[in-house]
Amino acid sequence: VVYPELRYERVLAEDRVHPERGASLDVRVLGADDDLLSDVSLLQGRATVRGIVPAGPGARLIAQVTLGATATDDFLDLPPELRFFAGGDRSVRGYALDELSPTVETVNSSGETSRQSIGGEHKIVGSIELERDIFTNFRAAVFYDTGNAFSDWSTPLEYSVGIGLRWRLPM
């Protein structure tokens, strides 16, 4: 698949490494045509919006939304890097990396069946967390994540809640 990609990225924060307040936007659009050096035609858009605001002394509220959509008649011909997956520490935490997506059942030579994630045409992921200083260079966080990667709009969003400990490094 040969495709041009347009990307717009904007970060608004005084400190880009450890922001206490700020916002970012990352938008990407790409496309390919099976008449122009590609085996598949597609149009895909991805967008991530993130915001950080103070939530009292030594605390901050962090929210993020990621959306993605693909228009194609040949989804199964798309390489995995152009399909959407969710799950993992930068997505819906509490699920394994790329665990959330449509699956297919496969049967091996021994007759055992297993399910394999194949990715989805669309993705919706949202997260909100409260992070608070607890010791020098350590922060605790509590979060709520929701989302999924799917091809059928009736697919429910999964969710997870949890806590975390972060070590703030100088880089």
Side-chain angles (χ1 to χ4, degrees), residues 5 7-30 43-71 75 78 80-105 114-171:
E5 179 178 28
R7 181 176 182 185
Y8 175 79
E9 184 176 16
R10 178 73 189 225
V11 177
L12 303 170
E14 289 181 15
D15 181 350
R16 291 178 70 133
V17 178
H18 299 292
E20 295 300 321
R21 175 187 300 273
S24 67
L25 172 65
D26 184 359
V27 178
R28 300 173 189 200
V29 177
L30 61 93
L43 179 62
Q44 186 176 86
R46 304 169 182 231
T48 299
V49 178
R50 186 173 196 214
I52 302 172
V53 295
R60 63 189 192 156
L61 192 62
I62 304 166
Q64 179 173 304
V65 174
T66 299
L67 304 172
T70 304
F75 178 75
L78 291 180
E81 61 269 13
L82 292 178
R83 298 178 186 193
F84 291 109
F85 297 87
D89 67 341
R90 299 209 178 257
S91 181
V92 183
R93 295 167 278 194
Y95 290 88
L97 180 65
D98 298 340
E99 178 180 357
L100 298 175
S101 87
T103 59
V104 294
E105 193 170 280
S114 63
R115 299 203 67 73
Q116 177 182 350
S117 293
I118 61 167
E121 294 179 61
H122 314 291
K123 177 179 179 176
I124 298 173
V125 174
S127 175
I128 188 161
E129 65 184 76
L130 177 64
E131 186 181 75
R132 181 159 179 73
D133 293 336
I134 54 173
F135 303 114
T136 303
N137 294 326
F138 284 91
R139 290 182 165 178
V142 59
F143 64 85
Y144 174 84
D145 296 340
T146 187
N148 211 337
F150 53 91
S151 294
D152 179 354
W153 284 97
S154 66
T155 303
L157 298 180
E158 301 294 338
Y159 72 92
S160 67
V161 296
I163 59 172
L165 178 66
R166 296 192 177 132
W167 181 20
R168 185 174 163 168
L169 298 171
M171 59 224 122

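Position 1 is the first residue of the sequence; numbering continues from there. On a predicted model such as this, the values are computed, not experimentally measured, just so you know.
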**Asked** Considering only heavy atoms from C-beta outward, does the side chain of L30 approach that of L82 to under 4.5 Å?
**Response** yes
**Message:** Quick one: does any side-chain atom of N148 pair with a main-chain N or O of P156 as donor and acceptor, under 3.5 Å?
**Reply:** yes
**Item:** Lys/Arg-Asp/Glu bridge criterion (N-O < 4.0 Å) met for E5, R7
**Value:** no
**Distance, nearest 0.5 Å, that separates CD of E158 from OG of S91** = 11.5 Å
**Item:** Candidates V104, D98, T103 - the one meeting side-chain contact (heavy atoms from CB on, under 4.5 Å) with S117
**Value:** T103
**Prompt:** Could you give the distance from OG (S127) to CZ (R90), rounded to the nearest 0.5 Å?
**Reply:** 11.5 Å
**Message:** Contact between Y159 and V92 at the side-chain level, heavy atoms closer than 4.5 Å - yes or no?
**Reply:** no
**Message:** Looking at R16, I want to see if its CZ is surrounded by more than 12 non-hydrogen atoms of other residues, nucleotides or ligands under 6.0 Å.
**Reply:** no
**Prompt:** Does the T70 side chain pair with the main chain of E121, one donor and one acceptor, at a distance under 3.5 Å?
**Reply:** yes
**Request:** Check whether any side-chain heavy atom of I128 sits under 4.5 Å from a side-chain heavy atom of L61, and report yes or no.
**Result:** yes
**Item:** Least distance between heavy atoms, V161 atom then Y144 atom
**Value:** CG1-CD1, 3.4 Å
**Item:** Derivation and outcome, salt bridge (charged side-chain N to carboxylate O under 4.0 Å, His left out), residues E81 and R46
**Value:** CA-CA 13 Å; E81 61 269 13; R46 304 169 182 231; over 6 Å; no
**Request:** Check step by step if side chain to side chain contact (heavy atoms under 4.5 Å, CB included) holds for L43 and V29.
**Result:** CA-CA 7 Å; L43 179 62; V29 177; 4.1 Å; yes
**Partner set under salt bridge (charged side-chain N to carboxylate O under 4.0 Å, His left out) for E131, not counting sequence neighbours** = R60, R139, R166
**Asked** More than 12 heavy atoms of other residues, nucleotides or ligands under 6.0 Å from CD of E105: is that the case?
**Response** yes
**Prompt:** So, do D15 and E20 sit near enough that their side-chain heavy atoms are less than 4.5 Å apart?
**Reply:** no
**Prompt:** What distance separates F84 CZ from L78 CG, expressed to the nearest 0.5 Å?
**Reply:** 10.0 Å
**Heavy-atom side-chain contact between Q64 and T48 under 4.5 Å** = yes
**Request:** Please step through side chain to side chain contact (heavy atoms under 4.5 Å, CB included) for the pair E129 and R93, ending with a clear verdict.
**Result:** CA-CA 12 Å; E129 65 184 76; R93 295 167 278 194; 3.1 Å; yes
**Request:** Could you pull out the closest heavy-atom pair between G119 and S151, with the gap in Å?
**Result:** O-OG, 4.5 Å
**Message:** Ignoring hydrogens, what is the shortest heavy-atom contact between A149 and P102? Give both atom names and the distance.
**Reply:** O-CD, 3.5 Å
**Request:** Please name the pair of heavy atoms, one in A59 and one in L130, separated by the smallest distance, quoted to 0.1 Å.
**Result:** CB-CD1, 4.5 Å
**Request:** Calculate, to the nearest 0.5 Å, the distance between atoms CD1 and CZ belonging to I118 and F75 respectively.
**Result:** 5.5 Å
**Request:** Please state whether the rings of H122 and F150 are parallel, tilted or perpendicular, taking 30° and 60° as the class boundaries.
**Result:** tilted
**Asked** Side chains of I134 and L165: does their closest heavy-atom pair fall under 4.5 Å?
**Response** yes
